[in-house]
There are 2 protein chains.
Amino acid sequence: MEEAATPRLTRSQRRRRTEERILARARELFAESGYERTTIRAVAARAGVDPALVMQYFGAKDELFRRAVAVSTEEVADGGPERLVERLLAAVGVKLGEQPPSSLALLRSMLTHPEATEHVRTSISGQLAHIQATIPGEDAELRAALIVATLFGVTLGRHLLDLDALRDVPPERIAALLRPAFTALAEGQATSDATGR
Amino acid sequence: MEEAATPRLTRSQRRRRTEERILARARELFAESGYERTTIRAVAARAGVDPALVMQYFGAKDELFRRAVAVSTEEVADGGPERLVERLLAAVGVKLGEQPPSSLALLRSMLTHPEATEHVRTSISGQLAHIQATIPGEDAELRAALIVATLFGVTLGRHLLDLDALRDVPPERIAALLRPAFTALAEGQATSDATGR
DNA sequence: GTCTATAAGCAGATAGAC
DNA sequence: GTCTATCTGCTTATAGAC
């Protein structure tokens with residue numbers, strides 16, 4: 001419509017790029033330091049823009065965080081009960097490979113940022129319900145919860161606590177060791193007399 | 001030495017009591033909201049004292065936090081390899097019973113407060129080394145790490161994320177379901193071919 | 001459209017009155 | 001010894017100049 005000299009990128013394209021860059025840097029910082037310790041100023045500095053611009057684009061810090069963690073909701077692949085353990089181990093592989101920064105950002109703040117807590121709780125409940133549905137027996141819910149908790153603990157230990165014993169281990173080795181444990185949880189019989197009573 | 005009217009509590013006793021009360025309330029708040037969101041003012045308000053008094057006693061917020069989480073380093077009871085699983089399950093019972101507020105305060109901030117992260121990492125490494133020493137085979141370290149991670153995940157899910165599926169379950173039931181899984185991790189053989197390669 | 005300047009609020013910490 | 005009043009610094013957020 002106008003006589004613009006057709007720049008290589010239109011304004012809206014440039015805007016989108018800048019926005020994406022800010023978001024990427026925000027994810028990094030949220031993943032490193034959590035919600036509270038991450039400042040708009042630091043995000044802006046790392047993205048090479050003015051702090052006011054971040055506010056202009058995202059309105060408020062809450063909103064920036066929400067956008068930064070928005071992507072991350074995974075699903076455990078569907079399937080019959082007999083292949084459950086294999087699918088779980090595949091999930092282990094995924095969780096222990098490269099985790100997307102958006103997930104790490106969410107996990108990092110999950111214990112201290114109420115909204116993040118709720119997000120994680122919902123996500124876990126979803127996985128749990130899904131696994132539960134393919135486990136037989138009346139202990140299904142608890143068994144599913146223990147499986148999810150294990151997955152959870154390993155992911156945390158590796159990516160957020162950086163435990164030496166987990167950090168540099170190939171996912172396949174972990175999956176191999178976890179297989180009998182998951183099998184026991186998913187299919188095994190409960191042993192009574194846990195307390196020696 | 002002096003003519004004091006022997007009050008029911010000496011000044012130093014009163015002081016110690018007040019200090020303990022502040023510490024207890026601080027633990028509660030740190031456990032609920034984490035380090036960042038807990039303010040000296042809020043601690044003082046809950047303890048019914050003046051904010052300046054808290055500073056007087058503890059000097060700085062960091063120091064208050066350090067004192068609040070100081071107590072919590074547990075040990076997995078010692079013993080030979082053959083009883084390892086039973087000792088682990090006993091630890092489950094402990095971890096799933098009432099957790100001391102100092103532990104919860106530490107755990108709540110473990111992902112976002114660098115000092116807390118380090119504290120937890122050290123504590124976990126200690127447990128890990130201990131368990132590792134009683135597991136045979138060359139996978140000992142990794143197996144121990146997976147056991148600790150599981151314990152960790154369950155504790156977190158129950159006490160900090162308040163997962164419905166874990167919150168109200170008697171520790172004995174959880175221990176019973178966990179036994180075969182721990183046995184598999186502590187004594188079982190690794191199955192190869194985790195990736196289907 | 002982008003940035004400068006600044007407002008407004010809240011935190012931890014301090015100095016000094018009582 | 002305990003509290004009042006305040007300082008200093010840092011944050012998010014806004015208003016307005018360029």
query: Once the angle between the rings of A:F30 and A:F65 is folded into 0 to 90°, is it parallel (under 30°), tilted (30 to 60°) or perpendicular (over 60°)?
result: perpendicular
- prompt: So, B:R66 and B:E63, do they make that salt bridge, N to O below 4.0 Å?
  reply: yes
field: Whole-Å gap separating C1' (C:dG1) and CG (A:L53)
entry: 9 Å
query: Whole-Å distance between D:dA13 P and A:F58 CZ?
result: 13 Å
message: Regarding B:R17 and B:E20, does a basic nitrogen lie under 4.0 Å from an acidic carboxylate oxygen?
response: no
- request: Among A:R46, A:R108, A:R27, find the residue that satisfies the salt bridge (Lys or Arg N to Asp or Glu O under 4.0 Å) test when tested with A:E32.
  value: A:R46
message: Any side-chain N or O of A:Y57 below 4.0 angstrom from OP1/OP2 of C:dT2?
response: yes
- prompt: Over how many whole Å does the gap from B:Q56 atom CD to C:dA15 atom C1' extend?
  reply: 12 Å
- line: Per atom distances to the A:D50 side chain, the nearest of C:dT2, D:dT2, C:dT4 is C:dT4
- request: Mark yes when over 12 heavy atoms from residues, nucleotides or ligands other than A:R16 sit less than 6.0 Å from its CZ; otherwise mark no.
  value: no
- line: When rounded to whole Å, the CZ to P distance for the pair A:R15 and C:dT2 reads 8 Å
query: Just by protein heavy atoms under 4.0 Å, how would nucleotides 6-13 of chain C read 5' to 3' in B, S and -?
result: -----SBS
- request: Might you confirm whether atom CZ of A:R167 has over 12 heavy atoms from other residues, nucleotides or ligands at distances under 6.0 Å?
  value: yes
